[in-house]
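First up is the structure itself, then whatever we jot down about it.
We're numbering straight along the sequence, starting at 1.
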Amino acid sequence: MALCEGLGGGSSLLWPRVLLFGDSITQFSFQQGGWGASLADKLVRKCDVLNRGFSGYNTRWAKIILPRLVRKGGVLDSPVAVTVFFGANDSALKDENPKQHIPLDEYAANLRSMVQYLRSVDVPASRVILITPPPLCEAAWEKECLAQGCKLNRLNVVAGEYASACLHVARDCGTDALDLWTLMQKDGQDFSSYLSDGLHLSPKGNEFLFSHLWPLVEKKVSSLPLLLPYWRDVAEAKPELSLLGDGDH
């Protein structure tokens, strides 16, 4: 007897998705307490949260790979929300880190190009959230650089220039934006506790990012139903009546 005999029936269940696209700060976001993991927990049984973070990547490389991640097609190919979170590597100093550095004008053009590409594959700007790089704690990051045998290769003021460019692109393209660089330094507060090594997020920084990102994501996914009925609502005598419908009641 075939192992799968007796299974089948019902239509395929469309499972929406939220796409997180970025560098290491996105890649690490599914670690314990990470902002991506918190999003996935918040949206469980409503949509999949896909981590497409690439450690060390900049917008020049991101622009090249985006069409491999999102293509024009059916409902499943069109995310209900996309975060685009680059700049921490683009803003590296050219003289100290030429491989990751991207000139400011090109950074903005690359972000704009990615938003335009998403629009071309039926992901409108209203579904996109651009996130600025966080501030840089130079003292902590310099220790990391020296431990690797190099000089300090990033500056907070430069990260701020890239954050500003990101916000300009968001305004021009009509996307939402999360100004992490400004929020973490609001009222001159000490932001070092938000960073684990001066560049990447600490547990507190992950919590901070999630708390500000969730309201932007929530308004894009608020209409999504819970997929498949609550267990108490499943018809006891004939569960297939409950489980083989559209999945939202």
Side-chain angles (χ1 to χ4, degrees), residues 2-22 26-31 34-54 62-86 113-131 170 173-178 209-249:
L3 291 176
C4 294
E5 187 173 334
L7 298 181
S11 58
S12 296
L13 193 57
L14 297 178
W15 213 276
R17 60 181 181 146
V18 170
L19 180 67
L20 311 182
F21 186 41
T26 296
Q27 180 176 319
F28 301 160
S29 73
F30 270 32
Q31 294 177 348
W35 61 273
S38 296
L39 270 180
D41 180 58
K42 198 81 169 176
L43 294 172
V44 68
R45 283 184 61 179
K46 288 193 171 183
C47 62
D48 286 332
V49 177
L50 303 183
N51 186 330
R52 296 295 182 264
F54 300 88
K63 183 178 70 170
I64 294 171
I65 65 170
L66 182 58
R68 304 186 68 186
L69 306 178
V70 185
R71 300 189 180 205
K72 194 165 187 174
V75 176
L76 290 177
D77 294 315
S78 182
V80 294
V82 179
T83 60
V84 179
F85 189 4
F86 289 96
S113 176
M114 285 189 276
V115 174
Q116 291 169 345
Y117 171 77
L118 289 169
R119 186 183 297 127
S120 76
V121 293
D122 300 329
V123 182
S126 60
R127 296 186 193 176
V128 179
I129 303 167
L130 298 186
I131 306 176
C173 294
T175 74
D176 280 335
L178 176 54
L209 172 52
F210 172 73
S211 69
H212 288 84
L213 178 61
W214 172 244
L216 299 178
V217 173
E218 185 179 27
K219 69 182 183 180
K220 303 181 192 308
V221 301
S222 59
S223 63
L224 294 179
L226 191 69
L227 291 164
L228 295 174
Y230 179 58
W231 71 272
R232 290 188 185 276
D233 298 329
V234 175
E236 187 172 350
K238 289 190 174 183
E240 60 272 14
L241 294 178
S242 303
L243 301 177
L244 296 182
D246 294 333
D248 60 351
H249 56 273

What closest approach, in Å, do Gly53 and Thr26 show between heavy atoms, and which atom pair accounts for it? CA-CG2, 3.7 Å
My understanding is that only one of Val217, Leu209, Leu130 makes a side-chain contact (heavy atoms from CB on, under 4.5 Å) with Leu178; could you say which? Leu209
Taking all atoms of both residues into account, what is the closest heavy-atom pair of Phe210 and Ser38, and its distance? CD1-CB, 3.6 Å
Atom of Pro16, atom of Val80 and distance for their closest heavy-atom approach: CB-CG1, 4.0 Å
With a 3.5 Å distance limit and no angle check, can you tell me whether Arg52 reaches the backbone of Leu19 through a side-chain donor-acceptor pair? no
Evaluation steps, side chain to side chain contact (heavy atoms under 4.5 Å, CB included), between Phe21 and Ile65: CA-CA 10 Å; Phe21 186 41; Ile65 65 170; 3.9 Å; yes
Is there side-chain contact between Pro229 and Leu243, with heavy atoms separated by less than 4.5 Å? yes
One pair to check against side chain to side chain contact (heavy atoms under 4.5 Å, CB included): Leu216 and Thr83. What are the steps and the verdict? CA-CA 10 Å; Leu216 299 178; Thr83 60; over 6 Å; no
Using the side-chain hydrogen bond (donor to acceptor under 3.5 Å, both in side chains) criterion, which residues pair with Asp48? Sequence neighbours excluded. Trp15
Euclidean distance, Arg45 CZ relative to Leu228 CG, rounded to 0.5 Å: 6.5 Å
Shortest non-hydrogen contact from Arg71 toward Tyr117: CA-OH, 4.1 Å
Applying salt bridge (Lys or Arg N to Asp or Glu O under 4.0 Å), can you list everything that pairs with Lys42, at least two apart in sequence or on another chain? none
List in chain and number order the residues that pass side-chain hydrogen bond (donor to acceptor under 3.5 Å, both in side chains) with Asp176, two or more places apart in sequence or in another chain; answer none if no residue qualifies. Lys219, Lys220
Closest non-hydrogen atom pair, Ala62 against Phe86: CB-CZ, 3.3 Å
Could you tell me which residues satisfy salt bridge (Lys or Arg N to Asp or Glu O under 4.0 Å) with Lys63, sequence neighbours excluded, listed by chain and number? none
Candidate list Val44, Asn51, Leu213, test side-chain contact (heavy atoms from CB on, under 4.5 Å), partner Leu39, passing option: Leu213
For Asp233 and Ser242, work out which heavy atoms get closest and say how close. O-OG, 3.7 Å
Leu20 CG to Trp35 CH2 distance, which is reported to the nearest 0.5 Å: 4.5 Å
Could you list the residues that satisfy side-chain hydrogen bond (donor to acceptor under 3.5 Å, both in side chains) with Arg119, not counting sequence neighbours? none
Non-neighbouring partners of Lys46 that pass side-chain hydrogen bond (donor to acceptor under 3.5 Å, both in side chains), sequence neighbours left out: none
